Amino acid sequence: MMESQQEPKVTIPPLIPLEYSNRVMLKTILECGDDQIGLFGKTVVVGGWVKSSKEVKREPMAAALKPPMAAEAFPPSPARKELSCVEVVQSRIPFFKKIIRVFGVSSDSYPGVREKFEPVPKQPPPPPSKFFLQINDGSSISSLMVVIDSAVVPVSAGHVLPTGTCILAQGVLEKSSSHGKQTIELKVEKILHIGTVEPDTYPLSRKRLPLDSLRDYPHIRPRTTTVASITRIRDTLDFAAHTFFHNHGFLHVQVPIITTIDSEGFSEKFQVTTSKKWGLGSGSDADVRHETVKAEQHIEARDKSKLGTGVKPEVKEDFFGRQSYLSVSGRLHLESYACALGNVYSFGPRFRAEKTGSIKQVAEMWVVEVEIAFSQLEDSMKCAEDCFKFLCKWILDHCPQDMKFVTKRIDKTIVHRLEYMMSISYERISYREAVDILRKVTDKTFETKLRWGVPLTAEHLSYLADDHYKRPVIIYDYPKAVKPFYVRLNDDGKTVAAFDMVVPKMGTVIMGSQSEERLDMLSARMKEFDLSRDQYEWYQDLRKHGTVKHSGFRLGFDLMVLLMTGLTDVRDVVPFPRTHGKANN
């Protein structure tokens with residue numbers, strides 16, 4: 001007996017509404033692959049913003065079919081119909097008008113006649129239309145085709161549904177009637193919400209605005225395909241960073257944004273004050289008693305008069321009673337928890353008040369900072385390399401659709417470069433070796449004259465990573481004059497245990513160091529930097545009470561997003577970038 005051939009089972013992916021908005025994410029519909037056929041016939045509620053719209057008007061259908069020709073030739077005699085008095089009067093209105101005109105009187109002089117006897121002509125109903133909308137809710141690169149038949153679902157004349165309109169609708173998923181790439185569409189049965197848009201002022205009414213133009217509309221640009229894709233990659237990278245450190249036993253510690261210390265000594269800072277001396281009030285505003293925080297650029301990073309033990313009278317009256325700044329780095333605070341809990345990390349914004357025109361720096365940037373107890377420089381370099389490779393792999397594994405879009409629209413080589421950096425070992429050279437290599441370069445002239453003891457410029461670093469090694473390079477043992485005071489002094493007395501990780505086409509992404517755990521050496525370094533002992537007393541206490549060797553690093557999170565997306569300007573990957581002279585919202 002022959003076995004009956006069984007039809008292949010159709011997998012029906014679950015369409016679970018979001019718990020807090022009772023709608024289905026478009027991603028669950030559009031990214032289920034061949035299983036979309038199992039969704040046909042399902043009733044769902046979806047919401048999103050119109051990316052493009054098209055209205056197709058249909059001719060009204062005849063009320064009935066015409067009878068055959070033979071019947072038209074010999075129509076039956078209809079029965080005579082009795083007319084009412086009103087119908088008789090209405091039929092004689094043209095006759096009455098002629099009589100009035102004969103006597104030279106215009107009917108306009110007697111509006112009552114017009115109002116009483118002239119029937120108002122009825123406007124014919126507009127022909128039914130079909131609206132074809134591509135909507136996107138930000139969960140996917142793709143958009144869903146939504147079909148609205150005005151004969152079934154009335155659409156108000158004022159709701160033209162142009163680009164930018166917000167719509168929430170209930171309907172049935174069906175096989176797409178078009179011959180495009182999409183295989184599924186939503187036939188709307190009920191419109192639950194329409195958020196109108198003003199097409200004349202909506203910035204995205206024009207197609208494909210360049211990224212530099214979109215920077216003027218940071219509140220609107222997430223609706224573009226490119227910025228939405230960048231945001232999803234950024235979110236995935238955020239989760240990946242936490243995952244890496246949690247998987248390796250690190251604790252997440254929140255360090256302060258407002259600080260009274262200068263962690264690095266090389267960056268201009270934002271001063272935080274509530275003092276009206278800085279122009280916080282004038283006239284009637286001067287009587288306002290609520291406290292306002294104002295960031296004032298602190299131009300001189302090592303102003304001795306401000307770092308001394310004396311406190312000016314106006315500073316004593318300020319909110320904190322001493323000069324305070326927005327944090328440039330949180331590693332010093334993080335050390336205190338590393339010296340108690342072991343391995344810790346922090347993730348948050350850091351601020352620099354440098355009036356730079358660099359496309360890789362803004363005033364507020366997010367960083368991941370790490371501190372590892374019982375470790376030395378080599379341990380931090382290994383952790384940094386492992387973390388970097390983990391983030392590259394995580395993005396490729398968890399953002400396939402967005403990376404496919406980035407490859408097509410922004411950088412065709414981005415996936416290949418990330419795969420390459422995941423699979424190779426990174427070059428490690430000392431600062432002295434880097435200088436020797438650069439001095440031997442004959443086919444290129446550097447703008448900055450190179451000599452031992454000066455910082456390597458972006459041009460130098462680019463040559464080493466892009467041209468010489470063609471892979472990420474970790475440069476360590478820098479001259480002590482170019483690194484912060486807390487970095488551990490090497491045995492040669494000239495260099496410190498610090499490193500930078502330089503990535504091709506990007507530059508420095510990670511900076512790390514081993515901290516000075518010896519109290520006498522730390523005190524000597526603080527004296528070299530003219531730092532106040534009172535300000536850093538708590539930091540010295542960590543060396544007095546149970547000191548331990550420890551090291552760490554900071555990873556530029558915004559720069560990592562820039563690297564993953566193939567873009568070149570950090571303002572395009574920061575949701576609301578703050579730059580000199582510009583902080584619109």
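Remember, predicted model here, so these are calculated numbers, not experimental data.
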May I ask you to decide if [Y]'s main-chain N or O and [X]'s side chain share a donor-acceptor pair within less than 3.5 Å?
X: Ser380; Y: Gly552; result: yes
X: Glu369; Y: Gly330; result: yes
X: Ser430; Y: Glu433; result: yes
X: Thr236; Y: Arg232; result: yes
X: Asp235; Y: Thr231; result: no
X: Ser423; Y: Glu419; result: yes
X: Gln36; Y: Ile29; result: yes
X: Ser462; Y: Ala458; result: no

Testing Ile233, Ile414, Asp402, Val573 one by one against Met564 for a side chain to side chain contact (heavy atoms under 4.5 Å, CB included), which residue passes?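 The side chain to side chain contact (heavy atoms under 4.5 Å, CB included) with Met564 is passed solely by Ile233 among Ile233, Ile414, Asp402, Val573.
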
Among Lys480, Arg525, Met521, Arg518, side chain to side chain contact (heavy atoms under 4.5 Å, CB included) partner for Arg488: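 By the side chain to side chain contact (heavy atoms under 4.5 Å, CB included) criterion, Arg488 pairs with just one of Lys480, Arg525, Met521, Arg518: Arg518.
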
Does a salt bridge link [X] with [Y], judged by any charged N lying under 4.0 Å from a carboxylate O?
X: Asp137; Y: Arg23; value: yes
X: Lys549; Y: Asp379; value: no
X: Arg428; Y: Glu378; value: yes

Check Phe347 against His242 and note the closest heavy-atom contact, atom names and distance.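 Between these two residues, the closest heavy atoms are CD2-NE2, 3.2 Å.
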
If you measure only the distance, is there a donor-acceptor pair under 3.5 Å linking the side chains of Gln134 and Ser52?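 No, no side-chain donor-acceptor pair sits under 3.5 Å.
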
For residues Thr163 and Ser205, is any side-chain donor paired with an opposing acceptor at under 3.5 Å?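 No pair is found: no donor N or O on one side chain lies under 3.5 Å from an acceptor on the other.
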
According to the interplanar angle, ranging from 0 to 90°, do the rings of His246 and Tyr345 count as parallel (below 30°), tilted (30 to 60°) or perpendicular (above 60°)?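 The rings of His246 and Tyr345 stand perpendicular, inter-plane angle above 60°.
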
Could you give the distance from [atom1] ([X]) to [atom2] ([Y]), rounded to the nearest 0.5 Å?
X: Ile230; Y: Leu211; atom1: CD1; atom2: CG; value: 6.0 Å
X: Ser229; Y: Gln401; atom1: OG; atom2: CD; value: 10.0 Å
X: Asp500; Y: Ile510; atom1: CG; atom2: CD1; value: 10.0 Å

Is the cationic atom of [X] (NZ for Lys, CZ for Arg) positioned less than 6.0 Å from the six-membered ring centroid of [Y] and within 45 degrees of its normal?
X: Lys269; Y: Tyr325; answer: yes
X: Arg543; Y: Tyr539; answer: yes
X: Lys470; Y: Tyr420; answer: no

Side chain to side chain, Thr495 and Tyr431, heavy atoms closer than 4.5 Å: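 No. Closest side-chain heavy atoms not under 4.5 Å.
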
Stepwise, does the side chain to side chain donor-acceptor pair (under 3.5 Å) test hold for Arg331 with Ser513? CA-CA 10 Å; Arg331 281 195 59 193; Ser513 64; 3.0 Å; yes

Residues in ring-ring contact (aromatic ring centres under 6.0 Å, His included) contact with Trp49, at least two apart in sequence or another chain: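 Trp49: no ring-ring contact (aromatic ring centres under 6.0 Å, His included) contacts found.
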
Measure from the ring center of [X] to the ring center of [Y] and say whether it is less than 6.0 Å.
X: Phe499; Y: Tyr476; answer: no
X: Phe239; Y: His398; answer: no
X: Phe485; Y: Tyr536; answer: yes

If you apply the rule salt bridge (charged side-chain N to carboxylate O under 4.0 Å, His left out), what do you find for Lys505 with Asp411, and how did you get there? CA-CA 12 Å; Lys505 294 185 177 296; Asp411 186 348; over 6 Å; no

Thr448 vs Glu459, side chain to side chain donor-acceptor pair (under 3.5 Å): CA-CA, chis, key distance, verdict: CA-CA 9 Å; Thr448 303; Glu459 188 182 22; 5.3 Å; no

Counterpart residues, salt bridge (charged side-chain N to carboxylate O under 4.0 Å, His left out), relative to Asp386 (two or more places apart):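 With sequence neighbours excluded, Asp386 shows a salt bridge (charged side-chain N to carboxylate O under 4.0 Å, His left out) to Lys382, given in chain and number order.
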
